[in-house]
Structure formats: C-alpha cells, structure tokens
Amino acid sequence: MIILLMLSLMIGSSWISLPTVIDYVFHYSTTVKEHIILHILRMPRAIAVILIGANLSIAGCIMQALTRNPLASPSIFGINAGASFMIVLCTIVLPAVNGWILAGAGFAGGLLTVMIVLIMSVAIRGGKVEVRMALIGVVIQALLSSFTQGLLIFNEESASEILFWLAGSAAGVKWDELRLLAIVSIIGLIMAIGLSRSLSLISLGEDIARGLGQKIWTVRVVGSVIVILLAGISVSVVGPIGFVGLIVPHITRYLIGTDYRLLIPFAGVFGAILLTLADIGSRFVHFPAETPVGIITALIGAPYFVYLARRQSRGSL
C-alpha cells in the first residue's frame, strides 16, 4: 500500500521524483511547483482512492454476510446507482449544494434502492433467492442508470462533467471533500469492526446465530446502515465505482478465512490496494488525459461476476 501510494503521487501528466515526494511529505513548501501539484491534486486523490477502496470492500463484506449471497455488493444490488441518481437529481435541482447535503442524498438513494430490491425479492418467487436478489439488483441498477441519463438532458451545460463523474473518477478531489469522506469512513469502519463478531455468527446460519443470542434484525439494520453509509459517501465524492465490493471480499476470504473480525480490516486494506492499483493503471489508458478508474474496475469485475454467477447457478458455492 505504501509503495502504491508513492507511485500514485509520482505518476501523472508530469513525473515527480521520489525524493521530491518525500520532501513534500516532511517539508511542504508553497514556493516549490511540485509540492503545490502534490498538495492540490495528487495527495487528496491518493488518500480518497485508499478510503473509497476500503469503504466499498467493507460494504461488500457486510452485504455478503447479511444476505449470505456471494454475488452481493453495493454495485450489484443497485446501491451505487441509487446513490448516483439522488446525487445527480440534487445537483440539478440545487446546483449550489455540496458536502453533507450530497452525502445525505447518496444515503437516501442507497437506502431506497435496498428497500426496493429486498421487497421485490420477497414478492417474486422462483429460483434461488441469492441469484434472484442479484438479478433484481442488476435490473434496478439499469433502470436507475437510465433515469440518471434522462436527468442529464435537462442539464446540458454540465452534462459532460457529470458523465465523467458517473464513470467513477477520482480526479479533482479536494481537501474539503476528503475531510468529509475521512470522517464518515472512520465512523463506518469503527461500526463495521464493532459488528464483526455478529457477522461471523450470522454467516454460520440464522438458527445458530439466534441460539448464541444474536438479534438478527438488529444486526441486519445496523449492517445495512453501515453499507449505505460507506457506499453513499464514496459515490458522493468520486461517483459510482463498481465491482470492488464484489471482488475483494472473495480474495480476502481465500487468504484470511471467514472470521469477520479479521476479514473486515483486511478487506479494507486489500480494497485500498486494488483501487489504488486501478487508479494508477487508468492514467496510462489515454495518457496524459484522465480515464475514470470506474472503467478499469468494470473491465476487471464484469468477467469475475459472470464467473461467480455461473458457479452459484451450479450450486458449487
């Protein structure tokens, strides 16, 4: 992670040497051009990518534990699309808003999407519930994405900027946004770690969890709030970034095991590594122009989702 952080600070439209980066960290000066570039552009972006990678991975871990569905993630269940729709709507209706209002809009959109997916999963019968929830989530995600594109017709002046944000871009993150992201991320991480023991028990089965004194609905409500909080604040800062919350929990379980007291913090680290690596790679797609990191994660995650869905349909998970 430290190596990737240094590379993220060094690589860009202009190369900055490692000694200069180290000098910036310990002796920041407003008179050095490279220090200004690092402070205004690259450091906020690098920290934001680390936090968002951790947020989405932890959110994916919690969703997979609560639903006992290996296909669950904030993007697959439409949380990212719901948060994006509400944020774009809020931006068009109230163009001057930012900060906590946009974060609240993202939270509301994610919450509404989760409720729709769960209600439809209960109402519709047939097939395995895990696959049914994933399919409904994908449909809701596509529907909300269409609504979001429709909103852009009424806001042609800033359509190009919003479209770039909708692709999931970390470019242009400011310190004010980073402070808000850090506060919410730390709160969500603490809550997730506090819930980790209950998640480990629920992953064994509801009957076992109840026998050990767990209040299933309380854990589900608190877990859902954490997921929507982490995903909502991430979307409000950099837009919807898909598949990180799907891939990283599986990698972490393979390496660490199924104890959520270890799984959650390690998933946060692995998610930060994956998204930072994807962000660095995105800078070489159309160098020196910026390419949204969400495109890179989609290229990695879409085949992996198909692979997981095929394994799930065969009953091997």
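Bear in mind that the values here come from a model prediction, so they are computed numbers and not experimental data. When a residue number appears, it is its place in the shown sequence, counting from 1.
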Checklist entry - Could you walk me through whether Met1 and Ile273 pass the side-chain contact (heavy atoms from CB on, under 4.5 Å) check? => result CA-CA 6 Å; Met1 187 68 256; Ile273 290 173; 3.8 Å; yes
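- For the residue pair Thr20 / Glu34, no side-chain donor-acceptor distance below 3.5 Å is found, with atom types taken as modelled.
- Within the 3.5 Å criterion, the main-chain N or O of Ala54 finds no donor-acceptor partner in the side chain of Ser57.
- No more than 12 heavy atoms of other residues, nucleotides or ligands sit less than 6.0 Å from atom CH2 of Trp217.
- Cluster membership for Ile11 and Ile2, using ILVMFWY side-chain heavy atoms within less than 4.5 angstrom, is not shared.
- In this structure, Ile50 and Thr276 approach most closely via the heavy-atom pair CG1-OG1, 3.7 Å.
- To the nearest 0.5 Å, atom OG of residue Ser224 and atom CD1 of residue Ile62 are 9.0 Å apart.
- A distance-only check finds a donor-acceptor pair linking the side chain of Asn80 to the backbone of Ile241 [under 3.5 Å].
- A distance-only check finds no donor-acceptor pair linking the side chain of Arg210 to the backbone of Lys215 [under 3.5 Å].
- With values rounded to the nearest 0.5 angstrom, Ser282 atom OG is found 9.0 Å from Leu275 atom CG.
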Exercise for review: Show your working on side-chain contact (heavy atoms from CB on, under 4.5 Å) between Ile52 and Leu56 and close with a plain yes or no.
Suggested key: CA-CA 6 Å; Ile52 290 166; Leu56 296 177; 3.9 Å; yes
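- When all heavy atoms are compared, the tightest approach of His39 to Pro44 is O-CD, 3.3 Å.
- Around the CZ atom of Arg220, the shell of radius 6.0 Å holds more than 12 heavy atoms that belong to other residues, nucleotides or ligands.
- The CD1 atom of Ile296 lies 11.0 Å from the CG atom of Leu274; values are rounded to the nearest 0.5 Å.
- Criterion: ILVMFWY side-chain heavy atoms under 4.5 Å apart, direct or through other members. Under it, Met10 and Val32 are not part of a common hydrophobic cluster.
- Each of Ile101, Ile92, Thr148, Val235 was compared with Ile87 under the side-chain contact (heavy atoms from CB on, under 4.5 Å) criterion, and only Val235 meets it.
- With contacts defined as side-chain heavy-atom distances shorter than 4.5 Å, the pair Ser169/Val293 does not qualify.
- Proximity of a side-chain donor or acceptor of Arg283 to a complementary backbone N or O of Ser8 within less than 3.5 Å is detected.
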*Check the pair Leu51, Leu178 against side-chain contact (heavy atoms from CB on, under 4.5 Å), reporting the backbone distance first and the verdict last.*
CA-CA 9 Å; Leu51 291 174; Leu178 183 60; 4.1 Å; yes
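- The number of heavy atoms from other shown groups lying within 6.0 Å of CE (Met115) does not exceed 12.
- Of the possible donor and acceptor atoms, none in the side chain of Trp175 sits under 3.5 Å from a partner among the backbone N and O of Ile40.
- Hydrophobic clustering keeps Phe107 apart from Ile190 (ILVMFWY residues linked when any side-chain heavy atoms are closer than 4.5 Å, directly or through intermediates).
- At a threshold of 4.5 Å between non-hydrogen side-chain atoms, the residues Met63 and Ser73 do not count as touching.
- For Ser200 (side chain) and Tyr260 (main-chain N/O), a donor-acceptor pair under 3.5 Å exists by modelled atom type.
- Without hydrogens or angle criteria, Thr297 side chain to Gly242 main chain gives a donor-acceptor distance under 3.5 Å.
- Taking a 6.0 Å sphere around CG of Leu255, one finds it holds more than 12 heavy atoms contributed by other residues, nucleotides or ligands.
- Looking at every heavy atom in both residues, Ala171 comes nearest to Arg45 through CB-NH1, 3.9 Å.
- Counting heavy atoms from C-beta outward, Val219 and Leu66 have side chains that approach closer than 4.5 Å.
- Checked for salt-bridge contact, Lys174 and Asp176 miss the test: no charged N lies under 4.0 Å from a carboxylate O.
- To the nearest 0.5 Å, atoms OG (Ser234) and CG (Leu229) are separated by 9.0 Å.
- Contact annotation: the side chain of Lys33 approaches that of Ile37 to within less than 4.5 Å [non-hydrogen atoms, C-beta and beyond].
- Side-chain contact between Gln149 and Ser145 is absent, with no heavy-atom pair separated by less than 4.5 Å.
- Within the 4.5 Å cutoff, side-chain heavy atoms of Ile264 are placed close to those of Leu199.
- Minimum heavy-atom separation, Ile36 to Tyr28: N-CE1, 4.4 Å.
- Put simply, the side chain of Val21 does not reach to within 4.5 Å of the side chain of Arg42, judged on heavy atoms.
- Between atom CG of residue Leu112 and atom CD1 of residue Ile140 there is a gap of 9.5 Å, rounded to the nearest 0.5 Å.
- The local environment of CZ in Phe266 is sparse, with at most 12 non-hydrogen atoms from other residues, nucleotides or ligands closer than 6.0 Å.
- Contact record, Thr258 with Arg253: CG2-CD, 4.2 Å, taken as the closest heavy-atom pair.
- For Val244 against Pro249, the heavy-atom pair with the smallest separation is O-CD, 4.0 Å.
- If you chain together hydrophobic residues whose side chains sit under 4.5 Å apart, Ile193 and Val227 fall into the same group.
- Proximity of a side-chain donor or acceptor of His35 to a complementary backbone N or O of Ser29 within less than 3.5 Å is detected.
- Residues Phe147 and Met120 are members of one and the same hydrophobic cluster, defined by side-chain heavy-atom contacts under 4.5 angstrom among Ile, Leu, Val, Met, Phe, Trp and Tyr.
- Taken to the nearest 0.5 Å, the CG atom of Asn55 stands 4.5 Å off from the CG atom of Leu230.
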Legend entry - Residue pair Leu151, Phe85: steps toward the side-chain contact (heavy atoms from CB on, under 4.5 Å) verdict: CA-CA 9 Å; Leu151 288 175; Phe85 173 74; 3.6 Å; yes
